[in-house]
Amino acid sequence: MSRKQKLIIDCDTGSDDAVALMTAVLSDRFDILAVTTTHGNLPVKYTTENTLRVLELLGRQDIPVYPGCNEGMVKLLTPGRMVNPKIKAISKVIDGKEVAFHDRYLDLPEAVTKPQAEHACSFLLRTLRETKEKIILAAFGPMTNIGMALRMDPSIAQNIEGIVVMGGGVHEANKSMAAESNFFNDPEAAKIVLECGAPVVVIPLDATNDVALSREDIAKIASSGTTAATFAAGLVLHALEAAELLGFSDNGKNGLHDPLTICFLLEPTVITDLRHCACDIDLGGGRADGQLLCDMRPGEKPTLPTYVAMRGDKDKYLSLLTHTLAKGR
Ligand code: RIB
Ligand code: CA
């Protein structure tokens, strides 16, 4: 049997993050060294607690959780920077009830396990300096922790096998009219990661919305009846219902973003259109702040190993999720 690939997950759990975490753990294909938590969907206090809850649900309290940064590297320090774009609310009170994409706490028992005392950035720095084997990073929140570690010591990129990132949008956006939420919340960190020199695969909204899931698909995920499948299907259904109530979806489907990173690591052919192209991030502070820019002009030769996923195979994605989440109790 081939050796398990060493993996560190950086996330802002978050309902789709929770499904991604469960998929990574249950696949049994990774040696998950740690989960580092970041701000984004919620403040880091909640994303850390939610991460611990998910790991306990799967009986994987042995995977250490390192709490990370609670805001972007410099974004909030920059005067005049757009920090509150006119966005559609991601929570709203409808008929006296709050409807939100990401509830503060996942509906799981309070975690008994404690997070690590060491900060996520120093954990990343220490681990990536000391490792004898290259490590894969999967990032599905604002990349402040990874960006900070790379800033402190850019040479750690040599020990990164690759970084798979959920973020950005080539033709799509969600947080502002130009930017996706993870990149919008820390554009400088996204730029540092894209330019670090290690191979980076960006899974943007274009790909995740291309494999959006319907109610029928969600029922398929739930069909095994395992603890993970039932919990994951509940989260995905809740997100679809919230998307409909908040006016984000009108076609009976919703993009399940973060797990596509893990499914890509499990089976790269789940992405059907992956382009090697130069990438940049708008840091202008105005209406395009945090926008992912991809140079797909014919004849342009990228100088860095940055790849952008444009399309996916929905049936393969659903099958990977269904089979992986069917494992366990
Ligand atoms: O834009 C989608 C991304 O933002 C996902 O990672 C979701 O969890 C939120 O962090
Ligand atoms: Ca996320």
*Counting only N and O atoms by type, is there a donor-acceptor contact under 3.5 Å from the side chain of T131 to the main-chain atoms of K134?*
no
*Take atom CD of E110 as the centre, draw a 6.0 Å sphere, and report whether it contains more than 12 heavy atoms from other residues, nucleotides or ligands.*
no
*Is NZ or CZ of K191 both nearer than 6.0 Å to the six-membered ring centre of F183 and within 45° of the ring axis?*
no
*Which class fits the ring pair Y105 and Y46: parallel under 30°, tilted 30 to 60°, perpendicular over 60°?*
perpendicular
*Would you find more than 12 non-hydrogen atoms of other residues, nucleotides or ligands less than 6.0 Å from E216 atom CD?*
no
*Rounded to the nearest 0.5 Å, what's the gap from SG on C263 to CG on L320? Could you check?*
4.5 Å
*Would you indicate whether R151, at its atom CZ, is surrounded by more than 12 heavy atoms from other residues, nucleotides or ligands within a distance under 6.0 Å?*
no
*asked:* So if I apply the side chain to side chain contact (heavy atoms under 4.5 Å, CB included) rule between V25 and each of L58, V35, V54, I9, which one comes out positive?
replied: L58
*Would you tell me whether T144 and H39 have side-chain atoms, one donor and one acceptor, within less than 3.5 Å of each other?*
yes
*asked:* For S214 and D217, which I'm curious about, is there any donor-acceptor pair between the side chains at under 3.5 Å?
replied: yes
*So how far is it from E118 CD to F123 CZ, rounded to the nearest 0.5 Å?*
7.5 Å
_Counting only heavy atoms not in H323 (residues, nucleotides, ligands), do more than 12 fall under 6.0 Å from its NE2?_
no
*When rounded to the nearest 0.5 angstrom, what distance separates CG in N145 from OG1 in T38?*
4.5 Å
_Among L283, V74, I192, L292, side chain to side chain contact (heavy atoms under 4.5 Å, CB included) partner for P187_ = L283
_D12 and its side chain to side chain donor-acceptor pair (under 3.5 Å) partner, picked from N41, T47, N50, T37_ = N41
*Is the number of heavy atoms from other residues, nucleotides or ligands under 6.0 Å of R311 CZ greater than 12?*
no
*asked:* If we count only N and O atoms by modelled type, under 3.5 Å, do the side chains of Q5 and D31 hold a donor and an acceptor together?
replied: no
*Basic-acidic side-chain contact under 4.0 Å: R81, E188*: yes
